[in-house]
Each structure stands twice: as C-alpha cells, then as structure tokens.
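Below is one structure, written out as structure tokens, with a few remarks after it.
Note that the structure is a prediction, hence the values are computed from the model and not measured.
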Amino acid sequence: MSAVAVVRDIERPSILFGPPAAPKRATGPTLEQMMSGTWSELARRASAACPMCGGRLQARWGAGPSPVAGRCEDCGTELT
Ligand SMILES: [Zn+2]
C-alpha cells in the first residue's frame with residue numbers, strides 16, 4: 001500500500017464513506033471514432049490532421065478510389 005493510499009484511507013475511511021469512486025472516464029472521442037474520422041477525412045481531402053502530433057497526414061493511394069495509407073509529414077506516423 002502506498003503512502004498516498006494510506007493517507008486517503010485515513011482521511012476518508014471506506015467503512016464510513018464506501019469504496020472510493022471509480023476514476024472519471026474520459027469524455028472525448030474513442031480511439032475508433034478518432035481513427036474513423038481521420039480515415040474519412042483522408043478519403044475526402046487527401047490529407048488529415050495527424051492523430052499523434054496534429055501535423056499533416058498525407059494520403060497514399062492504391063488502385064482503388066480510397067486511400068490505402070496515410071503518412072504524417074511531421075512525425076512520420078503511418079496509418080495503414
Ligand atoms: Zn504526426
């Protein structure tokens with residue numbers, strides 16, 4: 001048990017207040033929503049904001065009408 005946990009238990013004993021509240025969940029988009037948005041932006045505009053650094057993600061095209069990958073010009077992150 002860490003010192004912080006001990007202090008928390010002393011300040012707010014669970015016998016009186018119940019178990020500590022679960023950590024608050026993030027309310028932003030899920031990873032799936034973020035990646036889906038990035039892919040559709042890539043398909044629409046041939047570039048999108050890099051999910052890692054916010055830089056410019058450039059679409060790479062195959063034979064089909066949709067991009068097959070994207071590569072960030074700033075940090076080198078690749079979406080495939
Ligand atoms: Zn990037």
Steps toward side chain to side chain contact (heavy atoms under 4.5 Å, CB included) verdict (Val68, Trp61): CA-CA 5 Å; Val68 294; Trp61 304 88; 5.9 Å; no
Atom pair CE (Met52) and CG (Asp74), whose distance is rounded to the nearest 0.5 Å: 13.0 Å
Hydrophobic cluster identity match, Leu31 and Trp39, side-chain contacts under 4.5 Å: yes
Pair Arg56, Gln58: side-chain N/O donor-acceptor within cut-off below 3.5 Å: yes
Heavy-atom side-chain proximity of Arg71 to Glu78 below 4.5 angstrom: yes
Rounded distance [0.5 Å steps], CG in Leu79 versus SG in Cys50: 7.5 Å
Contact check, side chains of Leu57 and Pro51, non-hydrogen atoms, under 4.5 Å: yes
Which atom of Thr80 lies closest to which atom of Ala69, heavy atoms considered: CG2-CB, 4.1 Å
Glu41 (side chain) donor-acceptor with Thr38 (main chain) under 3.5 angstrom: no
Which atom of Ser40 lies closest to which atom of Gly37, heavy atoms considered: OG-O, 3.2 Å
